[in-house]
Amino acid sequence: MGGYRLIGHPLGHSMSPQIHERLFALEGRTDSYSLFPFPPDKLETQVPILRGLEGFNITIPYKQAILPFLDSLDDSAALYGAVNTVRVQDGRMTGYNTDCDGFLRTMQAHGFSLKTSVCVAGAGGVGRMFAIEAVRQGAELTIAVRDLSKGQALAREISERFGCSVQVSTLDALDRPFGLIINATPVGMSPQTGISPLPGPVTARAGAVFDCIYNPRETRLLCDARKAGVPFAGGMEMLVWQAAVAHEIWHGSQFLPAQIDLLVDEMNALLDRKAGEADA
Ligand code: NAP
């Protein structure tokens with residue numbers, strides 16, 4: 001069978017096929033990459049098909065659900081308890097997490113330090129990774145959520161694992177400046193643009209803002225940051241870098257930052273075209 005796929009549900013507007021096909025072209029390969037959506041109760045029955053692939057990526061809701069079916073876990077996946085990339089060799093599946101690579105390469109590209117007061121908005125799958133990585137890099141962490149009990153559960157886990165204190169707040173109660181704000185909620189994502197997860201004055205006092213949403217390219221949160229002169233970055237770089245690191249795992253490929261920058265621009269332009277078509 002062979003080939004590469006993205007599993008998740010639903011997968012309607014995923015940009016992964018376009019990104020991976022461009023990465024295959026940069027590698028000089030002609031592999032195929034396709035979307036493979038199926039409902040959650042069908043995961044177990046799809047495993048034999050997955051074992052016949054060369055590799056696959058994983059998105060909501062399977063990043064944790066896939067764990068019992070894997071034969072081994074890379075340290076990156078074990079650290080966050082979530083897998084977004086699988087390498088298949090002779091039917092054996094090894095899980096990796098490249099979301100973190102995508103995140104850290106984006107921080108590095110923009111000169112955003114995690115060794116500061118960091119506010120992570122959201123405590124779901126990707127928020128958990130941002131929060132753990134921030135603490136590992138020396139951040140003084142605040143987790144901001146709509147449901148305090150979920151934020152407290154993540155804060156407790158991080159405090160116990162890493163021996164640090166973690167603040168928890170509701171999103172609307174935030175009122176202090178942070179060195180870096182990271183949005184890990186879907187608030188502001190297309191088609192519900194025009195809303196921000198954070199009070200505008202908190203954004204305006206931040207040292208830098210990263211929104212992991214990539215559609216639209218400039219969310220309301222990033223618009224608030226731009227208007228206040230706060231340095232900011234959107235989620236497309238993270239999305240493209242996490243895909244590029246999957247190719248490093250699958251084929252040992254190395255991409256130059258300039259190649260990735262071009263691909264980010266290309267994907268943003270594609271998003272803008274799609275938005276234009278939808279408006280027309
Ligand atoms: P998730 O596991 O569903 O977590 C979402 C988090 O956002 C939860 O803490 C949830 O709180 C919170 N939330 C949801 N709606 C909210 C609202 N209206 N107000 C306040 N908080 C709200 O999702 P995820 O996988 O972490 O993904 C989160 C976002 O990151 C998505 O937009 C996704 O597209 C983006 N993402 C981007 C990349 C990238 O490469 N750029 C990679 C992964 C994810 P509750 O628990 O209370 O519901």
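In listed order, ligands and their atoms are each counted from 1. Here the structure is a predicted model, which is why all the values come from computation and not from measurement.
- Remark: Asp101 engages no residue in a side chain to side chain donor-acceptor pair (under 3.5 Å) (not counting sequence neighbours).
- Geometrically, Arg5 does not engage Phe56 in a cation-pi contact defined by less than 6.0 Å to the ring centre and at most 45° from the axis.
- Residues passing the side chain to side chain donor-acceptor pair (under 3.5 Å) test with Glu133 are Tyr80, Arg136, Gln137, sequence neighbours excluded.
- Sorted by chain and number, the heavy-atom contacts of ligand 1 below 4.0 Å come from Ile60, Gly122, Ala123, Gly124, Gly125, Val126, Arg146, Lys150, Leu171, Ala184, Thr185, Pro186, Val187, Met189, Cys212, Ile213, Tyr214, Gly235, Met238, Leu239.
- Within the 3.5 Å criterion, the main-chain N or O of Ala155 finds a donor-acceptor partner in the side chain of Ser159.
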Donor-acceptor pairs under 3.5 Å, side chain of residues 160-169 to any protein atom, not counting sequence neighbours: which ones?
residue : atom : partner : partner atom : Å
Arg161  : NH1  : Leu79   : O            : 3.4
Arg161  : NH1  : Glu157  : OE2          : 3.2
Arg161  : NH2  : Leu79   : O            : 2.9

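- Judged by the 6.0 Å distance and 45° axis criteria, Arg87 is not positioned over the aromatic ring of Trp250.
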